[in-house]
Structures are given as C-alpha cells and as structure tokens.
Amino acid sequence: MERKKEKSHILKIHNTLSHKKELFEPINPPFVGMYVCGPTVYGEPHLGHARPAIVFDLLFRYLKYLDYKVRYVRNITDVGHLENDADEGEDKIAKKARIEQLEPMEVAQFYLDQYHFAMDALNVLRPSIESRASGHIMEQIDIVQKILDAGYAYESNGSVYFDVVKYDKDYHYGILSGRKLEDLLSSTRELDGQEEKRNSADFALWKKASPAHIMRWKSPWSEGFPGWHLECTAMSTKYLGKQFDIHGGGMDLMFPHHESEICQNKIANQTDTVRYWIHNNMVTINGQKMGKSLGNFITLNEFFTGNHHLLQQAYHPMTIRFFILQAHYSSTIDFSNEALIAAEKGMKKLFSAYDLLDKLKPSSSSTENTGILYQNCLHAMDDDLNSPIVIANLFEASRIINQANDGKTSLTQENINDLRDLFNVFLFDILGMKPTANDSMTDGLDNELMHVIIELRQKAKKDKDYTTADTIRDMLTQIGITLKDTKDGVEWSISQTK
RNA sequence: GGUACCAUGGCCGAGGGGCUAGGCAGAGGUCUGCAAAACCUUGUACGGCGGUUCGAAUCCGUCUGGUACCUCCA
C-alpha cells in the first residue's frame, strides 16, 4: 500500500564557506551534483575511510529520498601524491610498488578491491561515477594549460605552479580555510621544488618526474605527473559541470586541498564552481587523530575480525556504521571499545523491535501517536543531517513497540504501519542500516538440529529437571548461541561477535 | 606562531537563553523455575572565572585543557 508522506523541501546543510547552515537549493533541480574526495588506494581502508563514506552515503540516500536525481562522483586517487619525508619527490604508489615488486596499477587495484569490500560490508552505496585519477590525465593537462593561458600559472624547470600571489590580488585567497596569504608566505618551509617556485604558497599543477619516478605521463612541459589537487578539479568539472552543488570531504582536506581546488576552479571555469562545501570531522583514537603516519590506525578488516590489540572483540560492519551515525558528522568521534559495544547493543535493540512489529496484534483503538516520530525524523534530517536525533526517535519507536508487545499499550493497524514505515524509511533506506540477523540459520540442518536440542531442553524443563535445562543453555551460550524463553516459545540466535 | 574548532552526568552523544534528547553502564521493581529479553522507577550534567539578562549549560569576554590544519593523509 502506498502511504503518502510529506517530504520536506527545507533541507539545511552547513556550508563550510559561509560557516552557516544554509537552505539547500540545487542549481538545476531536480538534479543534484555531488563530488566527494575518495581514497588514495595505497593502503588498507581504515576507520577514517569509513566516516566520509558513510556520512556522504547518508546525504546521497537522503537526497534520493527527497526525489532529487543525484549524480554522485567519488574519485579514486591511483596516481599517488608527492611524499615529503625521507624519499622526497617520490610518488607514494610508485614507492610501494617498488618495495613489493608489483606494477603500480596492481597495487592500486589490490587496495581498491579492499576498499570496495569494506564499503560494501558497511552498506555504503556505490557512487554514480567512481572516477580514477589515472584515467583523467588528459583532462588534467588541459586544465593546467587553461590556467597557464589565463596567466595564473608559470612553468619552471618542467614543472608548472599555480601563482597564488597573483590569484590573491584578483580574487580572495583563503576563503574556505580562513587563511591569509601573508601568514602563509611568512612560514616558508624546506620543500621539494621550493626553489622552483616564485612564492612558497604556490602549489604544483604539474610536476616533472625524477628518473626514479615510475608513474609518469607526457605533457607539453615535461614527462611527469599532475599536481595533488588537480584530479578533483578535472573530474568534478568533467562529470558535474563548471558549477555544481555539493563538494564533500574530510576536514583535513580543507587546506590546502580544497582551497587549491577553489583556485583552480575559479581560473579554469571562470566561475565559483562549488555551491556547498561540506566537511566531515575526524575519527580519533584515544583523543588523537587516527592516521597512517601515526601508526595508530585500525583497518576496517581488523574491526570486522577483531584482530587488533586495541579491540576487545570483533565488530559487525553495521555496528561500525551505527557507531558513526550516532554522532553528528561535524563532531569528532573518539573510538573506544566501550562506545562500540554500547552502539552494538543499541542497534540490536532497534532490530529486535522491528522484528516484533510482525508479531503485534492490532487493536481497534490507539494510545500512541506514531505519526509524530516520522515528522521528527524528517526535521532532524533536514537540520543538517542530524542522524543522532533520528536514532533517538527510532529508540522511542522501539519503546512503543515493546510496550505494545507487553500489552501495556495498544496500537492500531495504522500505528503499526506507521512504525514499519518509520523503520523502513529511516533506519534502512536513509541511515542505510541492514539487519544483522542470520537468516540462513532459520532453515536447513542447523535449524532442525536446534529444534531437537530445544525440544530436549523443553522436556527437561517440563520434568523440572532444571539442572539439565540450564546445562544445555550454558553449553549453547559457550558456542555463541543464545536461548530466550519467551511466552510464545523458545527463541535462539547466534551472537554476532563470536 | 597562524587558522579552524571543541570542552555536556560513570561512558558515548544530541540540544542550545526559561519546557532540560537518546543509547550503554549502575540501582530498585514487574515478569520468569532460574536466566535472557522487555517494561516501569531512579540521574538535574553542561571546564574555571567574569559579564549581558528577570533568567545562561545555551550569548559575550577571558583563562585553562584538547583536537585538526598550516607537510601526503578521510
């Protein structure tokens, strides 16, 4: 049955450019263009990758719920970025490749597959277009040429740099990060290629490859590789146009990456390309940023298997997703086992309440207002994607369901339909949660075996042989099977994290 | 040093000038052979100090502590 629900058209999102929540108005409704910075595929995906993927998946799902036609582009950085540590000027992917004696693209593909595996497990929808930097070298070269032609870049020893000082004279540099050019110029650093630049704040559009550099392409200036920030400008413009609605990414990318994109866009596209900049906050571990260079990161696979010294147990991908959605995207999330276990319990509570819906017997009268919850969730999503509030309302719904199940309150069929809608739309479609119950266990030999065991225990119970009954239950618990004696019979389930 | 931001009860985490989310944990109770689950009851927390106000956790100032970015990073 089609149930008419009023959808909102007052979505507000926080725009990093204005530091304010703004009404979301697409440039060309009903179409929405969204670009999000994706992973550099030279390492295993970790919790830090999960956050933006889930946050922008939430936005993607909500925009689709609002009936927008969304084109969501996420890049894969497989060209690699410059390194600035011991091996100056070396391409990260190329470096790793040399160590492992593999083709650079083989390494990139390997980690890309890992990324996809993890994202699928987290129920993150694939973007409309997942574009690879290596497949867009021509487009990047075109943009370098455009910026050169416009006079905002200069060639130096085969490399091309963006002239930030000139840009700042004509436009305002630093509008996203709030940084001032003079501050940047006064804090000069020892960087590779610094002597080639006119000013320390200038950034590379094209770099000439050193002889050791494996990944290289021909260009009018040198055999080399594109600058760090160019791929996003090239691919967003190619697939979303010179103006598009949303550009997302982690807060750590705000400067210099996104700031540089703004400069490149402005010159190459002759317009303000991005309407709304959205940034998710970081995941911390013991209050510290989780990062490759800090050596304190936990890969997603380690979370899923529990195979890491900081983890007390394995965590289902849905627990990770729920954990992330329980915080607003603009807050930092601090990792802890305690918080994850709490999230896991809460999540299971929601799932079992949803399962109960099918067993509820409708009454002719109602004591509950279920319609309000849907509105509350809608308002929460409209208010800058406030997923924690959505979850709070789902908990309220689960309380109503449990009370009705206990016979304390009564729900009409309409109430039950409302609640089912609420879970289907918000928990499953928009928050993107997926029940973790193992359905395959409800049929087949396993189920029949369980049936036998439960029957034996029931018999013992009937004979008041509670020692045997409890022994059976304890032994099952030991192998990760939980029994519940309910008034409708015995329920069994396999624990997720065994 | 500069820029951005944050400090909420045992833990996590919303909110945001008076109506004071939610989850987890804890205590008591109902139910149950016992458990489990569920439900009910129970928590007045917003870093310190000033200020604005009839009223501040919420606004302003300041101090303290913390994070991120300024160098590849989600």
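Proteins come first, then strands; the chains are lettered A, B, ... in the order of their sequence lines, and each starts at number 1.
- Rounded to a whole angstrom, the distance from the P atom of rA21(B) to that of rA74(B) is 39 Å.
- Atom-to-atom, NE2 of His279(A) to C1' of rC69(B) comes out at 11 Å; the value is rounded to the nearest Å.
- Taking the nucleotide of RNA chain B with the nearest heavy atom to each of Lys484(A) and Arg457(A), the more 5' of the two is matched to Arg457(A).
- OP1 or OP2 of rC39(B) sits under 4.0 Å from a side-chain N or O of Asn402(A).
- Toward the 5′ end of RNA chain B lies the nearest nucleotide of Lys464(A), the other residue of the pair Lys464(A) and Gly38(A) mapping further downstream.
- Note on Leu483(A): a base of the nucleic acid sits closer than 4.0 angstrom, heavy atoms only.
- Atom C1' of rC69(B) sits at a distance of 26 Å from the matching atom of rU8(B), rounded to the whole Å.
- With hydrogens and angles disregarded, no donor-acceptor distance shorter than 3.5 Å links the side chain of Thr319(A) to the backbone of Glu344(A).
- Listed by first residue number, the stems of RNA chain B with at least three Watson-Crick or G-U pairs below 3.5 Å are B:1-7 with B:64-70, B:10-12 with B:22-24, B:26-30 with B:38-42, B:47-51 with B:59-63.
- For the OP1/OP2 pair of rC5(B) and a distance below 4.0 Å, the side-chain nitrogens and oxygens of His19(A) include at least one atom meeting the criterion.
- Of the listed nucleotides (rA35(B), rU3(B), rC73(B)), rU3(B) has the atom at the smallest distance from the side chain of Arg179(A).
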How would you summarise protein contacts on nucleotides 14-24 of chain B per nucleotide, using B for base, S for sugar-phosphate only and - for none, with heavy-atom distances below 4.0 Å? SS-----BSSS

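- A salt bridge is absent between Lys349(A) and Glu396(A): the closest approach of a Lys/Arg side-chain nitrogen to an acidic carboxylate oxygen does not fall below 4.0 angstrom.
- At the heavy-atom level, Val55(A) lies nowhere under 4.0 Å from the strands shown.
- Comparing rG26(B) with rC63(B), their P atoms sit 43 Å apart, to the nearest whole Å.
- The base of rA74(B) does not come close enough to the side chain of Arg51(A) for any donor and acceptor atom to sit less than 3.5 Å apart.
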Measure all distances between protein nitrogen or oxygen atoms and nitrogen or oxygen atoms of nucleotides 40-43 of chain B, and list the pairs falling under 3.5 Å.
{"residue": "rC40(B)", "atom": "OP1", "partner": "Arg399(A)", "partner atom": "NE", "Å": "3.1"}
{"residue": "rC40(B)", "atom": "OP1", "partner": "Gln403(A)", "partner atom": "NE2", "Å": "2.7"}

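- Among the protein residues, Gly250(A) comes within range of the sugar-phosphate backbone only, with heavy atoms under 4.0 Å from sugar or phosphate atoms but none that close to a base.
- Residue Asp406(A) places no side-chain atom within donor-acceptor reach of the base of rC31(B), judged by atom type and a 3.5 Å distance cut-off alone.
- A cation-pi geometry, defined here as NZ or CZ lying under 6.0 Å from the six-membered ring centre and within 45° of its normal, holds between Arg179(A) and Phe255(A).
- One interatomic measurement links the two molecules: CG of Asn337(A) to P of rA25(B), which rounds to 15 Å at whole-angstrom precision.
- Between Lys180(A) atom NZ and rA4(B) atom C1' there is a gap of 12 Å when expressed in whole angstrom units.
- Side chain of Asp465(A) to backbone of Ala460(A): no donor-acceptor contact under 3.5 angstrom is found.
- Ring centers of Phe426(A) and Tyr374(A): under 6.0 Å apart, within the cut-off.
- In this model, the phosphate group of rA74(B) is approached by a side-chain N or O of Thr40(A) to a distance below 4.0 Å at OP1 or OP2.
- Between His258(A) and Thr16(A), every side-chain heavy-atom pair lies at or beyond the 4.5 Å cut-off.
- With salt bridges taken as basic N to acidic carboxylate O contacts below 4.0 Å, one links Asp485(A) and Arg457(A).
- At least one donor-acceptor pair closer than 3.5 Å links the side chain of Thr299(A) to the backbone N or O of Glu302(A).
- Taking the charged nitrogens against the carboxylate oxygens, Asp463(A) and Lys459(A) do have a contact shorter than 4.0 Å, which makes a salt bridge.
- Within the 4.5 Å cutoff, side-chain heavy atoms of Met433(A) are placed close to those of Phe322(A).
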